[in-house]
Structures are given as structure tokens and as C-alpha cells.
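Since the structure comes first, as C-alpha cells, the remarks are kept for the end.
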Amino acid sequence: MRIAVYPGTFDPVTNGHLSILKRAMRVFDVIIAAVAVDNNKNTLFSLEERTALLQESVKDLPNIQVEAFSGLLVDYVKRKQATAIIRGLRVVSDFEYEMQMAAFNKDLYDGAETIFFTADTEYSFVSSSMIKSIAVLDGDISHFVPEVVYHGLRRRYGFE
Ligand code: ADP
């Protein structure tokens, strides 16, 4: 069974994240969407909220598990017996950071390969931080996030 881990902050999950998950589902048997504890404590949503929003967003997708994790990613990957780490690439500026991360992770643990999926063109400019910047000003982000996230953001920013 091919198990992959898709790690991220998911603050909050967007349709871009979901498109990566859907692509990866064609390649792997099980994907664990792993929500990272934010050690700097500067996320908009708490770990529990980010996990719950992601859980709700993937409830109709088969073979996707959602879990929170802390500590070194490769230790978690090893514990889960996963052989791949999934990441998404949107624009060239993602590339340098992702290459560096992949190289470090490979050095720390040789048992998993980092696999990149390219973003859907429709969502290639979507990031959680841009979504928050627009939502806080009451801009319409409904096309870019799952419904549960849309309402979650509006509630958080006092528009509902
Ligand atoms: P991190 O803080 O680990 O970068 P994110 O939640 O921002 O966590 O992103 C997790 C992964 O999803 C990253 O590989 C990121 O490049 C990718 N990603 C984020 N948004 C999109 C998108 N719109 N399309 C494709 N991949 C994306």
C-alpha cells in the first residue's frame, strides 16, 4: 500500500490544497493530510480549527486521513510508514524553498521521496495568506475555498 503524507499549515485549507490532494489520490492509496503545529503561534486558526476545517473539506474524498502533527516531519512520515511527502508548486518563487526542504528531508530520512504536484492553473495564484488578506476586507473569496472555510473566515472577521 502506497502511503503519502501531505504536510502543511492549512491556515486555512483552500481549493488549491484540495486540488493537490485530488491529483495525488490518483497516485497513492492513502494520503495523510498532516496539519502542522505552528510553533510561532501566529496562525489565524488554532491547530484544532485548522484540522477540523480540513477534515470537513475532505469528507467526500476517499482514502484521505487528516491528522495534526508536531515535531520533525520526517519522524512523522517514518512513524506513518509513508514513502512519499507531497508538496504543491504554484509559481517559480515556491521552487527554491521547496527544493531546500526536499533536500533536507532526504538527508534526514532516506525512506521517503518528496513528490511535487503542480497547482491547477485555476488556483495557481491562491495562497492561504492572500485569502486571509482579502477576507479580512470583506472581499469575495468564495470561489477559492471550501464552503466551511468561507463561513469560518467570515465569522472570524465578524461579517457573520
Ligand atoms: P506550508 O506552511 O508548509 O507551506 P501551506 O498550507 O501554505 O503550508 O501549503 C502546503 C503545501 O501546499 C505547500 O507545498 C504549498 O506550496 C501547497 N499549496 C498551497 N496553496 C496551493 C495552491 N493554490 N495550489 C497548489 N499547491 C498549493
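All values reported here derive from a predicted model rather than from experimental measurement. Whatever order the structure lists them in is the order used to number ligands and atoms, beginning at 1.
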Open item on the list: Ignoring hydrogens and geometry beyond distance, is a side-chain donor-acceptor pair present between D140 and S142 at under 3.5 Å?
Closed with: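 D140 vs S142: donor-acceptor pair found between side chains.
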
- [ ] Go through the side-chain N and O atoms of T118 and R90 and say whether any donor and acceptor fall under 3.5 Å apart.
- [x]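 No - no donor-acceptor pair under 3.5 Å links their side chains.
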
Open item on the list: Exactly one of I86, L73, V30, I31 should register a side chain to side chain contact (heavy atoms under 4.5 Å, CB included) with V5. Which one does?
Closed with: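 Going through the options one by one, the only one that passes is L73.
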
Identify the protein atoms, limited to N or O, that lie within less than 3.5 Å of an N or O atom of ligand 1, and list each pair with its distance to 0.1 Å.
from, atom 1, to, atom 2, distance (Å)
ligand 1, 2 (O), T9, OG1, 2.6
ligand 1, 3 (O), R87, NH1, 3.1
ligand 1, 3 (O), R87, NH2, 3.3
ligand 1, 4 (O), R87, NH2, 3.2
ligand 1, 6 (O), T9, N, 3.2
ligand 1, 6 (O), F10, N, 3.0
ligand 1, 6 (O), H17, NE2, 3.1
ligand 1, 8 (O), T9, N, 3.0
ligand 1, 9 (O), H17, NE2, 3.4
ligand 1, 12 (O), Y6, OH, 2.7
ligand 1, 14 (O), R87, NE, 3.1
ligand 1, 14 (O), G88, N, 2.9
ligand 1, 14 (O), G88, O, 3.3
ligand 1, 14 (O), E98, OE2, 3.4
ligand 1, 16 (O), G88, O, 2.7
ligand 1, 20 (N), R90, NH1, 3.3
ligand 1, 23 (N), Y123, O, 2.9
ligand 1, 23 (N), V126, O, 2.8

Open item on the list: Between the side chains of D110 and K106, is the shortest nitrogen-to-carboxylate-oxygen separation below 4.0 Å, so that they form an ion pair?
Closed with: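 Salt bridge present between K106 and D110.
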
- [ ] Would you indicate whether the side-chain heavy atoms of K80 and E67 approach each other to under 4.5 Å?
- [x]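 Yes, side chains in contact.
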
TODO: Indicate, with yes or no, if the rings of F125 and F144 have centres closer together than 6.0 Å.
DONE: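 Yes; F144 has its ring centre under 6.0 Å from that of F125.
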
